[in-house]
Protein chains: 2
Amino acid sequence: MAANSRLTIAVHVLAWMALAKRRGREIMTSDEIAASVATNPVIVRRSLGDLREAGLVESRRGAGAGWLLAREPAAITLLDVHRAIGAEPLFALHATEPNLDCPVGLGIRPALTEVYAAADAAVARELAGRTVADVLAETLTHQERP
Amino acid sequence: MAANSRLTIAVHVLAWMALAKRRGREIMTSDEIAASVATNPVIVRRSLGDLREAGLVESRRGAGAGWLLAREPAAITLLDVHRAIGAEPLFALHATEPNLDCPVGLGIRPALTEVYAAADAAVARELAGRTVADVLAETLTHQERP
DNA sequence: GCTGATCGTAACAGAAACGGTTACGACTGG
DNA sequence: CCAGTCGTAACCGTTTCTGTTACGATCAGC
């Protein structure tokens with residue numbers, strides 16, 4: 001499977017908004033944000049739409065519109081972001097139902113469900129320990145051009 | 001993104017082989033295994049091929065051929081299986097390179113790489129704590145038909 | 001009001017991945 | 001020799017992902 005980059009995009013967007021806010025630009029348009037991520041503004045708006053539903057950002061419409069953070073960057077964990085963009089399980093069960101006449105086919109799904117839930121929880125704990133502010137700070141320590 | 005079911009298939013295959021071995025059937029064909037997983041034998045052979053490269057199973061060719069476990073089920077962790085089938089990172093970085101003229105675009109990839117590595121390691125720790133024998137035992141406790 | 005900037009969202013497209021299927025040559029115990 | 005099985009390539013339909021275009025909805029400021 002190729003993992004998707006939505007968490008990366010969302011965190012990038014939030015980190016950039018956090019830096020801009022610190023520089024006095026509280027409201028940003030999706031075009032401005034897209035310029036940093038180097039993607040299409042619609043991609044950014046889709047991502048921001050998810051973040052807004054989760055209460056992490058707000059949007060303003062009409063003239064002078066744009067997006068702004070709804071919380072301090074230090075109060076947004078990566079787990080908040082992960083959930084906001086619709087976290088999916090790490091591992092999938094069988095694409096088609098296994099043979100229930102076999103004892104393994106019958107019992108393995110509940111057994112694996114437990115294991116996968118534990119793995120999901122481990123990732124959640126890891127993401128819960130970092131905030132957008134942490135990522136921004138770490139980002140600013142890597143400023144050497146390749 | 002929808003996660004794939006390869007870990008599920010591989011663990012199912014190994015658990016079934018472990019149970020069959022305990023019942024005296026040490027060598028199994030991909031057809032027999034596929035009947036339990038309820039999928040195509042080629043899917044099973046692809047999975048078993050990965051497991052063989054990792055040294056978890058062996059294959060015999062010719063007449064009376066088939067597959068057998070190369071290690072005791074209690075000596076195969078789910079992390080072994082996860083790595084055998086080609087573990088991929090949980091989260092992807094940007095699909096296209098971000099704007100390196102923006103401080104966030106420049107520094108966020110190394111920052112997120114660290115975070116994602118920590119998340120991968122957390123999953124690895126979780127999977128390392130369970131063996132195929134554990135999963136089989138847990139599977140056999142779930143034998144009520146739905 | 002009007003206007004222009006921006007959001008919000010649907011529709012679409014190309015690429016890749018996934019599970020599945022068919023086919024067929026390679027191998028080997030009996 | 002030969003029947004049974006592995007090993008693997010080729011192909012298919014579906015889904016997902018990223019990206020693009022398009023266009024109506026909204027509204028601050030004039």
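- Checking C/dC7, D/dC6, C/dT21 against every side-chain atom of A/T29, the shortest atom distance belongs to C/dC7.
- Using a 4.0 Å cut-off, no side-chain N or O of A/S30 falls inside it from OP1 or OP2 of C/dT6.
- No donor-acceptor contact under 3.5 Å links the side chain of B/R61 to the base of C/dC27.
- The residues B/R25 and B/E32 are annotated as salt-bridged, a charged nitrogen and a carboxylate oxygen being separated by less than 4.0 angstrom.
- Computed from coordinates, the B/H94 NE2 to D/dT18 C1' distance equals 13 Å when rounded to whole Å.
- Nearest-nucleotide mapping onto DNA chain D: of B/W67 and A/A38, the residue sitting toward the 5' end is B/W67.
- Among the atoms of the strands shown, only primed sugar atoms or phosphate atoms (P, OP1, OP2) are found under 4.0 Å from some heavy atom of A/G66.
- Minimum atom distance to the side chain of B/N40 is reached by C/dT21, of the listed C/dT6, C/dT21, C/dG8.
- For B/Q143 (side chain) and B/T139 (main-chain N/O), a donor-acceptor pair under 3.5 Å exists by modelled atom type.
- A/H94 and B/H12 have perpendicular rings, their planes meeting at more than 60° on a 0 to 90° scale where under 30° would count as parallel.
- Comparing C/dG8, C/dA11, C/dA23 against the side chain of A/R46 picks out C/dA11 as the nearest.
- What separates CD of A/E97 from P of C/dG19 is a distance of 17 Å, to the nearest Å.
- The CG-C1' distance, from B/D31 to D/dA3, rounds to 14 Å in whole Å.
- Taking atom CD on A/E53 and atom P on C/dT9, their separation rounds to 8 Å, with Å as the unit.
- Comparing D/dA3, D/dT8, C/dT21 against the side chain of B/I43 picks out C/dT21 as the nearest.
- Regarding contacts with the backbone of D/dT18, every side-chain N or O of A/T39 stays at 4.0 angstrom or more from both OP1 and OP2.
- Remark: P of D/dT18 and CD1 of A/I9 are 7 Å apart, rounded to the nearest angstrom.
- A salt bridge does not link B/D50 to B/R6: none of the charged side-chain nitrogens sits closer than 4.0 Å to a carboxylate oxygen.
- Phosphate contact (OP1/OP2 of D/dG7, side-chain N/O of B/R45, threshold under 4.0 Å): absent.
- Across the protein-nucleic acid pair, B/L48 atom CG and D/dT5 atom P stand 15 Å apart, rounded to whole Å.
- When each of B/M28 and B/A95 is assigned the nucleotide of DNA chain D bearing its nearest heavy atom, the one mapping closer to the 5' terminus is B/M28.
- Not one side-chain nitrogen or oxygen of A/S59 sits closer than 4.0 Å to the OP1 or OP2 atom of C/dT6.
- For A/L51 and C/dC7, the CG to C1' distance is 15 Å, given to the nearest whole Å.
- In this structure, the nucleotide among C/dG20, C/dG8, D/dT5 sitting nearest to the side chain of B/A65 is D/dT5.
- Using cut-offs of 30° and 60° for the angle between ring planes, the A/F91 and A/Y116 rings count as tilted.
- For C/dG19, the base has no donor-acceptor partner in the side chain of B/R6 [N/O atoms by modelled type, under 3.5 angstrom].
- The CG-C1' distance, from A/N4 to C/dA16, rounds to 13 Å in whole Å.
- When atom types are taken as modelled, the side chain of B/N99 and the backbone of A/A35 share a donor-acceptor pair closer than 3.5 angstrom.
- Closest to the side chain of A/R52, from the set C/dC7, D/dG19, D/dG7, is C/dC7.
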